[in-house]
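Let me begin by presenting the structure, written as structure tokens, before commenting on it.
As the structure is a computational prediction, the values presented were derived from the model and not from experiment.
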Amino acid sequence: IDLASFEEIPLNVVLALDMSASLQGLRLGHLQVASRTVLNELKPGDRAALVAFSHLVSPGHGLTEDVDRIRASLEQAQGAGLTSLIDASHAGMLLGESDVGRSLLILFSDGVDTASWLSADSVLETARRGDVVVYAVEIGGRRAGFTRDLSEVTGGRLISVESTKDLSATFTGILEEFR
């Protein structure tokens, strides 16, 4: 019988990041720095994926140990369009479960969902049946409905920050707590 420590199981970290029109300039820069910080904290064997979303959901890359590919996608990100928060949550959970390991979805948005075609109830049902833990990060605590419910049903939590300048510490804290 082999005994594997919980800490030895690789992580699947999916970053689902709001890239709608409200994320430009300094806010986008803070989000990119925070995301790179998380990628830098991954250990050998851990995998990462990126889902950038506005009114379109764009899985930048599936789970990969090559975090340089994720970094390159982050550098090209630009804020534009509406917000498909619910659809992006679903895509992020599916990516997280696409390989073995403990799966974490860090879901960031600064606005309410304005463009999703999936219903919140169907995504919450998917979350209940899955093994992805969702930590939702929002600015100012304005829309704690869907994100609160999603984080609760998956065993994660909802974190509200006052501004994007706090994102690096928040994202790093999430990763440490999840480990």
State, yes or no, whether a side-chain contact exists between [X] and [Y] at a heavy-atom distance under 4.5 Å.
| X | Y | value |
| --- | --- | --- |
| Glu138 | Ser160 | yes |
| Leu167 | Leu31 | yes |
| Arg71 | Asp68 | yes |
| Leu175 | Leu11 | yes |

Would a hydrophobic clustering, with Ile, Leu, Val, Met, Phe, Trp and Tyr connected at side-chain separations under 4.5 Å, put [X] with [Y]?
| X | Y | result |
| --- | --- | --- |
| Leu94 | Val57 | no |
| Ile106 | Val33 | no |
| Val51 | Leu82 | no |

From [X] atom [atom1] to [Y] atom [atom2], the distance as rounded to the nearest 0.5 Å:
| X | Y | atom1 | atom2 | result |
| --- | --- | --- | --- | --- |
| Tyr135 | Ile159 | OH | CD1 | 7.0 Å |
| Glu75 | Gln32 | CD | CD | 5.5 Å |
| Leu63 | Leu50 | CG | CG | 11.5 Å |
| Asp99 | Glu65 | CG | CD | 9.0 Å |
| Thr114 | His55 | OG1 | NE2 | 9.5 Å |
| Asp110 | Thr83 | CG | OG1 | 6.5 Å |

Out of the candidates Val67, Leu17, Leu28, only one should pair with Leu74 under the side-chain contact (heavy atoms from CB on, under 4.5 Å) rule; please name it. Leu17

Criterion side-chain contact (heavy atoms from CB on, under 4.5 Å) against Phe146, the qualifying member of Asp113, Leu158, Val123: Val123

Can you see which heavy atom on [X] is nearest to which on [Y], and at what distance?
| X | Y | value |
| --- | --- | --- |
| Phe108 | Phe171 | CB-CZ, 4.1 Å |
| Ser103 | Glu97 | OG-N, 4.2 Å |
| Ala127 | Leu150 | CB-CD1, 3.6 Å |
| Ser89 | Leu105 | O-CD2, 3.8 Å |
| Pro10 | Gly45 | CB-O, 3.2 Å |
| Leu107 | Leu85 | CD1-CD1, 3.7 Å |

Okay, side chain of [X], backbone of [Y]: is any donor-acceptor separation there less than 3.5 Å?
| X | Y | answer |
| --- | --- | --- |
| Asp131 | Arg102 | no |
| Ser151 | Gly156 | no |
| Ser116 | Ile86 | yes |
| Asp166 | Val161 | no |

Does Glu125 have any salt bridge (Lys or Arg N to Asp or Glu O under 4.0 Å) partners at least two apart in sequence or in another chain, and if so, which? Arg128, Arg129

Name all residues meeting the salt bridge (Lys or Arg N to Asp or Glu O under 4.0 Å) criterion together with Asp46; count only those two or more places apart in sequence or in a different chain, and write none if there are none. Arg179

Thr126 and Leu118: side-chain contact (heavy atoms from CB on, under 4.5 Å), yes or no, with the steps? CA-CA 11 Å; Thr126 299; Leu118 291 172; over 6 Å; no

If we count only N and O atoms by modelled type, under 3.5 Å, do the side chains of Asp18 and Ser20 hold a donor and an acceptor together? yes

Hits for side-chain contact (heavy atoms from CB on, under 4.5 Å) against Gln78, two or more places apart or cross-chain, chain-then-number order -> none

Candidate pair Thr164 and Leu26, rule side-chain contact (heavy atoms from CB on, under 4.5 Å), full reasoning: CA-CA 8 Å; Thr164 56; Leu26 195 55; 5.8 Å; no

